[in-house]
Amino acid sequence: MHSHYSASSVLLVTAMLLLIFTSCSSSAKVVVSNGADVSKYKYVSINSEHTGDPELDDVMLLVENEITNTKLQPISLAYTPDDCFGHTLIPSISIKTEKWDGGHTYITVTFYDFYTDQIVAVIKSSGIGLSISHDQQLALNALRKKLQTVFGKKES
């Protein structure tokens with residue numbers, strides 16, 4: 001009994017599968033302001049102002065969750081701790097998802113010092129996956145790793 005599949009067709013299918021799986025990627029980049037001591041920040045106050053597509057509010061909430069899963073303690077600016085000045089960050093979150101050509105999701109979180117309003121750090125991540133939700137998950141995973149590298153992981 002002879003196989004109907006030639007070695008070249010098996011090789012072609014294998015190459016296509018490798019191309020699909022290697023086309024899934026994520027990246028993240030951190031830029032910290034010159035002279036900024038990120039370790040001095042203890043608190044984060046997440047505001048309700050965001051930029052991007054309102055359809056991405058679920059991803060926005062996941063980004064906020066990732067920020068609060070760092071060592072930064074979430075606070076409300078209405079009830080600030082005594083030592084919040086000089087130790088509190090305000091993140092500005094932007095999310096874009098391209099819905100064509102297989103999609104691409106970009107997440108940018110800019111952290112401002114609450115007291116001086118100066119930019120302390122910018123973390124950008126992106127993901128290219130097999131679907132829009134896969135793009136978003138890849139970008140979130142890359143963001144999580146960078147957030148935990150910069151601010152530390154929340155202790156259990």
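- Residues L77 and I90 come closest through the heavy atom pair CD1-CD1, 3.8 Å.
- Residues satisfying the side chain to side chain contact (heavy atoms under 4.5 Å, CB included) test with F85, not counting sequence neighbours, are F114, Y115.
- Note: Y43 OH to L72 CG = 11.0 Å, rounded to the nearest 0.5 Å.
- Taking 4.5 Å as the limit, every side-chain heavy atom of T88 sits out of range of all side-chain heavy atoms of T80.
- Summarising the geometry of S45 relative to I75, their closest heavy-atom pair is OG-O, 3.4 Å, with the distance given to 0.1 Å.
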Quiz item: Hey, mind stepping through F151 and I67 against side chain to side chain contact (heavy atoms under 4.5 Å, CB included) and telling me if it holds?
Solution: CA-CA 9 Å; F151 297 111; I67 293 169; over 6 Å; no
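- Across all their heavy atoms, K146 and V30 have their closest contact at CD-CG2, 3.6 Å.
- A side chain to side chain contact (heavy atoms under 4.5 Å, CB included) with L140 holds for exactly one of N65, T105, V63; it is V63.
- With sequence neighbours excluded, no residue forms a ring pair (Phe, Tyr, Trp, His ring centres under 6.0 Å) with Y41.
- Pairing each heavy atom of L138 with each of C24, the nearest pair is CD1-CB, 4.3 Å.
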Practice problem: Check the pair E66, L62 against side chain to side chain contact (heavy atoms under 4.5 Å, CB included), reporting the backbone distance first and the verdict last. | Solution: CA-CA 6 Å; E66 293 301 337; L62 292 171; 5.7 Å; no
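- For H87 (side chain) and K40 (main-chain N/O), a donor-acceptor pair under 3.5 Å exists by modelled atom type.
- D82 is linked by a side chain to side chain contact (heavy atoms under 4.5 Å, CB included) to nothing, counting only residues two or more places apart in sequence or in another chain.
- When N69, I93, V44 are each tested for a side chain to side chain contact (heavy atoms under 4.5 Å, CB included) with E64, only one passes: I93.
- Take K71 and apply the salt bridge (charged side-chain N to carboxylate O under 4.0 Å, His left out) test, not counting sequence neighbours, and it matches E155.
- Interatomic distance, OG of S25 versus CD1 of I128, reported as 4.0 Å (0.5 Å rounding).
- For the atom pair OH of Y106 and CG of L143, the computed distance is 15.5 Å after rounding to the nearest 0.5 Å.
- Heavy-atom minimum distance, S125 versus A139: OG-O, 3.0 Å.
- Tested against I107 for a side chain to side chain contact (heavy atoms under 4.5 Å, CB included), the candidates I95, L56, I123 yield a single pass: I95.
- With sequence neighbours left out, the salt bridge (charged side-chain N to carboxylate O under 4.0 Å, His left out) criterion links K124 to no other residue.
- When the side chains of ILVMFWY residues are joined at heavy-atom separations under 4.5 Å, either directly or via intervening members, V150 and I46 end up in a single hydrophobic cluster.
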Quiz item: Hey, mind stepping through S126 and S27 against side-chain hydrogen bond (donor to acceptor under 3.5 Å, both in side chains) and telling me if it holds?
Solution: CA-CA 5 Å; S126 65; S27 66; 3.1 Å; yes
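- Residues that satisfy the side chain to side chain contact (heavy atoms under 4.5 Å, CB included) test with S133, not counting sequence neighbours, are S131.
- One distance of note links OG1 of T70 with NZ of K154; it measures 7.5 Å at 0.5 Å rounding.
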